[in-house]
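Throughout, a chain's letter reflects where its sequence line sits, starting with A, and its residues are numbered from 1.
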Protein chains: 2
Amino acid sequence: MSTRKPTHPGAILREDVIPELGISISAAAEALRISRQMLHKILNETAPITPEMAVRIGKFCGNGPEIWLRMQQARDLWEAQQKLADEIKKIPTAKAAA
Amino acid sequence: MSTRKPTHPGAILREDVIPELGISISAAAEALRISRQMLHKILNETAPITPEMAVRIGKFCGNGPEIWLRMQQARDLWEAQQKLADEIKKIPTAKAAA
DNA sequence: TACATGTGTCAAGTAATGATTTACAGATCT
DNA sequence: AGATCTGTAAATCATTACTTGACACATGTA
């Protein structure tokens with residue numbers, strides 16, 4: 001849990017997918033049917049992969065949405081755990097009555 | 001992909017966890033440190049399990065946040081796929097240049 | 001040179017979401 | 001009667017996920 005922040009899916013797109021395809025950001029955004037600025041933020045790791053984005057990217061990359069969504073979820077969870085680090089101490093663990 | 005909508009995590013809480021613990025909704029909400037209404041919506045499947053909620057519930061149930069988040073993610077993905085069913089047809093699958 | 005294309009970035013606006021508090025009516029238990 | 005729990009609804013607030021429009025800068029190319 002105190003490991004480093006999980007990799008942002010945008011990093012994979014930026015470092016692997018886009019270069020491999022030899023495609024411009026503008027063209028990729030057009031293919032994904034999202035705004036160029038939005039894709040830019042994803043590549044920049046300042047926007048998350050929403051379920052809808054995962055569906056788009058999964059189709060475009062041909063490997064399905066799950067992997068993209070899972071990476072994002074790992075991030076979101078990591079961040080939530082950091083944010084709630086204090087709060088969580090106040091939450092008891094329930095015990096079954098019987 | 002055309003299976004039925006994945007089970008909402010709230011259903012597990014409503015049908016298994018809470019009954020097993022023999023605890024009131026109000027008491028559970030208090031333990032989770034969220035409003036009674038919010039928990040009600042979760043049990044009612046009208047509110048999603050956010051990453052932060054998953055952390056709370058995971059602590060309370062003692063089994064960690066992942067399972068709760070994964071169930072929610074399956075739902076979100078299913079819904080996204082339904083919503084984008086038409087849109088996705090317009091997105092090409094990229095082919096590597098080399 | 002001039003023009004097109006791509007990139008980085010910012011700002012404004014929109015729509016939805018996650019959550020809170022307050023409130024009220026009905027059920028049940030003591 | 002009083003206390004607690006429950007189901008709902010409304011008002012509010014902050015944040016998020018997008019969009020479009022705009023501007024500056026670079027680079028390639030006719």
Strictly below 4.0 Å: does B:S24 bring a side-chain N or O up to OP1 or OP2 of D:dT4? no
Phosphate-side-chain proximity, B:S26 and D:dT6, N/O vs OP1/OP2 below 4.0 Å: yes
Sorted by chain and residue number, the salt bridge (charged side-chain N to carboxylate O under 4.0 Å, His left out) partners of A:K41 (sequence neighbours excluded) come out as none
Round to a whole Å and report the spacing from [atom1] of [X] to [atom2] of [N].
X: A:M53; N: D:dA17; atom1: CE; atom2: P; result: 10 Å
X: A:R33; N: D:dC18; atom1: CZ; atom2: C1'; result: 15 Å
X: A:N44; N: D:dA17; atom1: CG; atom2: P; result: 15 Å
X: A:D76; N: D:dA17; atom1: CG; atom2: P; result: 8 Å
X: B:E30; N: D:dT4; atom1: CD; atom2: P; result: 12 Å
X: A:E52; N: D:dC18; atom1: CD; atom2: P; result: 7 Å
X: B:I25; N: D:dT6; atom1: CD1; atom2: P; result: 5 Å

Sidechain-backbone polar pair: [X] side chain, [Y] backbone, donor-acceptor under 3.5 Å:
X: A:W78; Y: A:T3; answer: yes
X: B:Q72; Y: B:P48; answer: no
X: B:H8; Y: B:A47; answer: yes
X: B:R36; Y: B:A29; answer: no

Name the first nucleotide and the last nucleotide along DNA chain C (5' to 3') that come under 4.0 Å of a heavy atom in chain A.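 Here the contact window of chain A covers C:dG6 to C:dC10.
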Between B:I23 and B:K41, whichever has its closest DNA chain D nucleotide further toward 5' is B:I23
Give each protein N/O atom lying under 3.5 Å from an N/O atom of nucleotides 25-30 of chain D, with the pair distance.
none

Between protein and nucleotides 20-23 of chain D, what N or O pairs are separated by less than 3.5 Å?
from	atom 1	to	atom 2	distance (Å)
D:dG21	O6	A:Q37	NE2	2.6
D:dA22	N6	A:R36	NH2	3.3
D:dA22	N6	A:Q37	NE2	3.4

Is there any side chain to side chain donor-acceptor pair (under 3.5 Å) pair reaching into residues 52-61 of chain A, and which pairs are they, with sequence neighbours excluded?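 As it turns out, the side chain to side chain donor-acceptor pair (under 3.5 Å) pairs with a partner in residues 52-61 of chain A, which skip direct neighbours, are A:E52-B:K83, A:R56-B:E87.
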CG/B:D76 to CD/B:Q73 distance, rounded to the nearest 0.5 angstrom? 7.5 Å
Just jot down the side chain to side chain contact (heavy atoms under 4.5 Å, CB included) partners of A:D16, sequence neighbours excluded, or say none.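 If we apply the side chain to side chain contact (heavy atoms under 4.5 Å, CB included) test to A:D16, skipping adjacent residues, the hits are A:I12.
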Transitively linked via ILVMFWY side-chain contacts under 4.5 Å: B:I88 with A:L39? no
Test side-chain contact (heavy atoms from CB on, under 4.5 Å) applied to A:L21 and A:F60, step by step: CA-CA 11 Å; A:L21 293 174; A:F60 184 65; 3.8 Å; yes
So B:I18 and B:R14, side-chain contact (heavy atoms from CB on, under 4.5 Å) or not? Walk me through it. CA-CA 6 Å; B:I18 304 271; B:R14 166 171 34 87; 5.8 Å; no
